[in-house]
Amino acid sequence: MAQDDLNFSDIAFLVVEADANFRQLIAGILREFGVGGIKEAESADEAMPFLTGGNVDFVLADSHLSGVSGFELVQTVRANPENPSRFIPFIVMMSHTPMTHVMKARDCGANIVVAKPFSPAVLYHRLSWVARDERPFIVAPRYIGPDRRFKIEGYPNGVGRRAEDQQTDVGEEAGPAMTQAEIDAMFT
């Protein structure tokens with residue numbers, strides 16, 4: 001597997017996964033990527049000392065942990081301004097990926113989701129994506145995490161709410177809109 005130009009040798013990873021076999025499998029994959037330091041925890045409670053100690057650079061956390069979920073772990077770390085790990089990347093791993101769970105991961109402040117089981121190539125792709133991600137980090141009253149917008153193209157005929165939003169032109173009107181009767185007819 002080509003590993004581009006990423007060097008993980010100085011990155012400390014924390015793998016938070018209840019299943020010991022899967023946790024060890026992920027650690028083995030990370031070692032193959034050249035990761036220098038790998039810490040393991042089977043629960044959010046076990047992970048917190050690593051996260052509050054500030055000696056972790058990247059977290060892979062399962063969404064379904066006993067006690068505190070992976071979603072709650074991300075949200076707790078992000079919400080604490082005193083936590084030295086507040087701004088580190090979080091990848092949430094999940095076995096079931098309905099849109100509601102993906103949105104929950106996004107809304108809790110996770111950088112990205114990876115569906116289990118995954119291949120080493122998929123994990124490397126996600127790690128690479130997060131490493132190269134240039135989205136700004138947002139700290140707002142109801143959300144703390146990376147900007148949830150992946151593609152910022154601006155707003156039609158005006159500037160958006162953020163200074164870095166760009167203006168874009170949507171063009172001329174193509175024709176009259178559909179009437180309500182036409183819309184209703186489509187659904188019958």
Side-chain angles (χ1 to χ4, degrees), residues 1 4 6 8 11 13-30 33 35 38-48 50-51 56-80 83 85-155 160-162 164-165:
M1 165 183 347
D4 304 329
L6 293 179
F8 292 119
I11 307 295
F13 278 77
L14 173 61
V15 179
V16 188
E17 165 65 53
D19 184 297
N21 293 326
F22 197 70
R23 192 172 58 243
Q24 291 170 1
L25 177 67
I26 295 168
I29 292 170
L30 292 173
F33 293 161
V35 171
I38 302 167
K39 297 163 180 31
E40 298 179 28
E42 69 177 56
S43 68
D45 290 337
E46 198 175 299
M48 283 309 288
F50 293 117
L51 294 165
V56 174
D57 302 308
F58 208 115
V59 178
L60 291 135
D62 187 46
S63 63
H64 187 71
L65 299 169
S66 60
V68 175
S69 73
F71 304 122
E72 294 167 316
L73 173 64
V74 176
Q75 198 165 28
T76 299
V77 171
R78 296 279 196 234
N80 183 353
N83 193 318
S85 300
R86 185 180 196 194
F87 302 110
I88 66 172
F90 275 86
I91 290 181
V92 173
M93 305 175 292
M94 55 181 78
S95 300
H96 304 290
T97 56
M99 187 53 78
T100 55
H101 288 118
V102 173
M103 290 172 64
K104 188 172 182 177
R106 178 202 67 187
D107 293 345
C108 75
N111 293 71
I112 200 165
V113 169
V114 65
K116 295 179 359 183
F118 49 79
S119 68
V122 167
L123 180 58
Y124 187 81
H125 178 266
R126 295 302 188 278
L127 294 174
S128 176
W129 187 90
V130 171
R132 297 179 199 294
D133 187 13
E134 295 183 12
R135 292 180 296 159
F137 204 87
I138 306 297
V139 178
R142 294 182 356 172
Y143 175 75
I144 301 168
D147 190 339
R148 294 183 287 198
R149 298 173 299 172
F150 283 88
K151 188 174 183 182
I152 303 171
E153 293 179 344
Y155 293 86
R161 296 182 299 162
R162 294 189 177 93
E164 65 271 10
D165 289 338

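Residue numbers count from 1 along this sequence.
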Check whether any side-chain N or O of Ser85 sits under 3.5 Å from a backbone N or O of Ile88 as a donor-acceptor pair, and report yes or no. no
Side-chain (Arg135) to main-chain (Asn111) donor-acceptor, under 3.5 angstrom: yes
For Ser66, the side chain to side chain contact (heavy atoms under 4.5 Å, CB included) test, sequence neighbours excluded, returns none
What is the distance from atom CG of Leu60 to atom CD1 of Ile112, rounded to the nearest 0.5 Å? 11.0 Å
Tell me whether Lys39 at atom NZ has more than 12 heavy atoms from other residues, nucleotides or ligands lying less than 6.0 Å away. yes
Arg78 side-chain N/O to Arg86 backbone N/O, donor-acceptor pair under 3.5 Å: yes
So do the side chains of Leu6 and Leu127 get within less than 4.5 Å of each other, counting heavy atoms only? no
Contact check, side chains of Phe90 and Val77, non-hydrogen atoms, under 4.5 Å: yes
All heavy atoms of Ser69 vs all of Ser63, minimum pair found to be CB-O, 3.4 Å
Might you point out which heavy atoms bring Val74 and Cys108 nearest each other, and give the distance in Å? CG1-O, 3.5 Å
Aromatic rings Tyr124 and Phe33: how do their planes relate, parallel, tilted or perpendicular, breaks at 30° and 60°? perpendicular
Starting at CG of Leu123, measure out to CD1 of Ile29 and round the result to the nearest 0.5 Å. 6.0 Å
Derivation and outcome, side chain to side chain contact (heavy atoms under 4.5 Å, CB included), residues Asn83 and Met48: CA-CA 10 Å; Asn83 193 318; Met48 283 309 288; 4.2 Å; yes
CA sep, side-chain torsions, deciding dist, call: Leu30, Phe8, side chain to side chain contact (heavy atoms under 4.5 Å, CB included): CA-CA 9 Å; Leu30 292 173; Phe8 292 119; over 6 Å; no
Straight-line distance of Ile38 CD1 to Gln24 CD, nearest 0.5 Å: 11.5 Å
Heavy-atom side-chain contact between Asp147 and Pro136 under 4.5 Å: yes
To the closest 0.5 Å, what do you measure between CD1 (Ile26) and NZ (Lys116)? 6.5 Å
Can you say whether the rings of Phe13 and Phe58 are parallel (under 30°), tilted (30 to 60°) or perpendicular (over 60°)? parallel
Can you find a heavy atom in the side chain of Ile144 that is under 4.5 Å from one in the side chain of Gln75? no
Can the ring centroids of Phe22 and Phe118 be said to lie less than 6.0 angstrom from one another? yes
Would you indicate whether the side-chain heavy atoms of Val16 and Glu46 approach each other to under 4.5 Å? no
Could you list all the salt bridge (Lys or Arg N to Asp or Glu O under 4.0 Å) pairs where at least one residue sits in residues 118-127, not counting sequence neighbours? none
Side chain Arg23, main chain Glu17, donor-acceptor under 3.5 Å: yes
Asp107, Val92, Thr97 screened by side chain to side chain contact (heavy atoms under 4.5 Å, CB included) with Val102, the one that passes: Thr97
Interatomic spacing from CZ in Arg106 to NE2 in His101 - rounded to 0.5 Å: 14.0 Å
Side-chain heavy atoms of Glu42 within contact of Asp62, under 4.5 Å: no
Are the side chain of Thr76 and the backbone N or O of Glu72 linked by a donor-acceptor pair below 3.5 Å? yes
